[in-house]
*Asks:* 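Starting off with a structure, shown below.
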Amino acid sequence: MTYIENVLSQLKERNPGEKEFHQAATEILLTLEPVLARHPEYESAALLERFVEPERAILFRVPWTDDSGKVHVNRGYRVQFNSAIGPYKGGLRFHPSVNLSVIKFLGLEQILKNSLTGLPIGGAKGGSDFDPKGKSDHEVMVFCQSFMTELYRHIGADTDVPAGDIGVGAREIGFLYGQYKRICDESTGVLTGRGLSYGGSLIRKEATGYGLIYITEEAMRLRGDSLNGKTVVISGSGNVAIYACEKAQQLGAKVVAMYDSDGCIYDEKGISLEVVRRIKEQERGRIREYADRVPGSVYKPGCKNIWDIPCDVALPCATQNEIDAEDAKKLIAHGVKYVAEGANMPSTLEAIDEFKRAGVVFLPAKAANAGGVATSALEMAQASGRMFWTAEKVDSKLKEIMINIYHNIDRAASEYGYAGDYVMGANIAGFEKVADAMFAQGIV
Ligand code: NDP
Ligand code: 2IT
């Protein structure tokens with residue numbers, strides 16, 4: 001057994017049943033062989049064993065009372081995975097599917113993603129199995145206050161800086177921040193994705209979606225191609241999907257389909273983003289309402305239908321494992337040329353193999369969706385400097401970061417003999433910096 005195989009098998013044994021964590025660790029570790037061949041000293045320092053073990057994993061009770069007076073108990077998590085290159089940084093997810101395995105897969109991915117941004121941020125993730133859907137604003141507030149009443153003691157502007165993810169948007173960040181400030185009596189950049197009136201950054205809301213399009217456009221530009229005139233399918237209709245759609249449309253693409261967890265809309269004329277935003281951002285409604293409002297569009301129950309729709313560019317922006325091998329084959333058969341992951345780990349390992357075999361340009365999540373956390377780091381810089389940058393300044397930095405990420409993963413892939421394999425490139429480029437920082441800091 002090689003060193004990597006050994007670490008992976010130990011990981012599976014020590015963390016039984018954590019299937020998402022196993023999946024993310026397998027994807028990452030199996031690409032690191034060439035780096036370990038160059039750095040035999042990493043094995044004697046048990047660097048990989050330390051890399052896959054969170055520095056700290058916090059699990060806590062979150063009791064709260066609903067509007068009818070009934071008491072509920074949810075489970076809260078914060079996995080502070082790796083602080084080698086900076087304070088822990090990563091989002092909070094509120095979704096019924098959240099468990100330790102999901103948070104650990106997200107945290108592991110976040111370490112390498114944050115490294116790729118080139119900014120000094122370590123990796124973490126947290127959240128709860130609480131479902132904000134169908135809850136009143138008051139219930140969401142009460143839940144967020146209870147969640148923060150435990151979380152506050154573990155975080156800080158120079159220690160660990162959470163942000164949003166699925167189910168945690170501007171509303172939740174506001175409630176979480178209000179409670180943190182009330183307990184700690186300090187106004188710092190302890191959370192990112194804050195509102196513009198209380199220390200947030202322009203463009204943070206748009207950043208993940210815009211960043212996804214900037215890196216995709218760069219990959220296309222270098223192939224003499226562009227989004228202009230292309231047909232695009234975007235899964236999800238949340239924060240990442242909406243702003244990916246906005247920027248893709250600005251660059252001349254036709255986005256023909258989106259979905260939520262109930263079903264998918266298809267609009268061959270091109271999605272009206274204004275209608276989607278009204279339904280999703282203002283009314284917190286369901287995407288099926290789009291078909292009632294836009295003549296000529298169609299709604300189909302079930303999410304999987306979306307990968308049957310022919311497109312040049314597919315942007316999965318909803319959740320993990322939303323594209324399996326069968327979905328990948330359908331996309332390929334219908335001529336997809338580019339797949340860029342806005343969501344975290346939306347493609348299964350088998351789907352990635354299909355894309356690679358078919359020569360699809362595949363931009364993995366940790367590179368393609370890094371614009372959100374990169375802009376969070378820009379928000380932290382503004383908060384600590386008590387400054388507020390213009391939208392143009394933040395947007396141009398975001399674009400520069402995404403273009404740099406593309407070139408770094410492209411260079412790493414080529415340098416190690418895997419030209420065009422951006423899964424290899426992203427893992428290697430992200431890992432090199434983290435490994436170097438961990439090695440330099442001794443056995444900690
Ligand atoms: P939102 O909560 O704003 O939107 C999530 C979207 O995905 C909704 O349309 C939701 O549908 C759908 N969705 C969620 N879970 C499922 C599921 N199990 N099956 C089908 N559809 C689902 O989240 P974001 O847009 O912020 O996040 C989307 C993805 O992007 C996640 O993978 C997240 O980790 C990743 N990401 C987010 C970043 C950010 O800055 N927000 C940064 C980098 C990555 P419904 O409303 O019906 O639940
Ligand atoms: O997955 C992610 O990168 C995020 N949800 C954003 C994290 C952040 O700290 O901005």
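These values consider heavy atoms only, across backbone and side chains, with no hydrogens, waters or symmetry-generated copies. In listed order, ligands and their atoms are each counted from 1.
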*Asks:* Pick one of side chain, backbone, both or neither for how Lys125 approaches ligand 2, counting any non-hydrogen atom pair under 4.0 Å.
*Replies:*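 Contact part for Lys125 vs ligand 2: side chain (C-beta onward).
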
*Asks:* Would you call Gly164 a ligand 2 contact, heavy-atom distance under 4.0 Å?
*Replies:*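 Under 4.0 Å: yes for Gly164.
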
*Asks:* Flag the pair Arg293 and Glu283 as a salt bridge only when some basic side-chain nitrogen lies within less than 4.0 angstrom of an acidic carboxylate oxygen.
*Replies:*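 Looking at Arg293 and Glu283, the cut-off is met.
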
*Asks:* Using a 3.5 Å cut-off on N or O atoms only, is Ser376 in polar contact with ligand 2?
*Replies:*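 N/O-N/O distance under 3.5 Å: yes.
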
*Asks:* Please check whether Val161 reaches ligand 2 - meaning an N/O of the residue sits under 3.5 Å from an N/O of the ligand, judged on distance alone.
*Replies:*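 No.
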
*Asks:* Which residue and non-hydrogen atom of the protein lie closest to atom 6 (C) of ligand 2, and at what distance in Å?
*Replies:*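 It is Arg204 NH2, 3.6 Å.
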
*Asks:* Can you list, pair by pair, the side-chain donor-acceptor contacts under 3.5 Å of residues 306-317, counting residues two or more places apart and other chains?
*Replies:*
| unit_1 | atom_1 | unit_2 | atom_2 | d |
| --- | --- | --- | --- | --- |
| Trp307 | NE1 | Glu322 | O | 3.1 |
| Asp308 | OD1 | Lys330 | NZ | 3.2 |
| Asp312 | OD2 | Thr231 | N | 2.7 |

*Asks:* Pick one of side chain, backbone, both or neither for how Leu106 approaches ligand 2, counting any non-hydrogen atom pair under 4.0 Å.
*Replies:*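 For Leu106, no heavy atom sits under 4.0 Å from ligand 2.
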
*Asks:* Counting only heavy atoms, which portion of Met380 has something under 4.0 Å from ligand 2: side chain, backbone, both, or neither?
*Replies:*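 Contact part for Met380 vs ligand 2: neither.
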
*Asks:* Show which atoms of ligand 1 fall inside a sub-4.0 Å distance from at least one heavy-atom site of Gly236.
*Replies:*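 Answer for ligand 1: 9 (O).
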
*Asks:* Sort and list the pairs that fulfil ring-ring contact (aromatic ring centres under 6.0 Å, His included) and have at least one residue in residues 161-206, not counting sequence neighbours.
*Replies:*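 Counting only pairs at least two positions apart or across chains, the ring-ring contact (aromatic ring centres under 6.0 Å, His included) contacts touching residues 161-206 are Tyr177-Tyr198.
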
*Asks:* If you count the atoms of ligand 1 from 1 in the order shown, which ones are under 4.0 Å from a heavy atom of Ala343?
*Replies:*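 Listed by number with element: 29 (C), 30 (O), 32 (O), 35 (C).
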
*Asks:* For Phe431, which of Leu48, Ile111, Asp436 qualifies under side-chain contact (heavy atoms from CB on, under 4.5 Å)?
*Replies:*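 Only one option passes, and that is Leu48.
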
*Asks:* Numbering the atoms of ligand 1 from 1, which are under 4.0 Å from a heavy atom of Tyr259?
*Replies:*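 Within the 4.0 Å cut-off of Tyr259, ligand 1 contributes 9 (O), 21 (N).
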
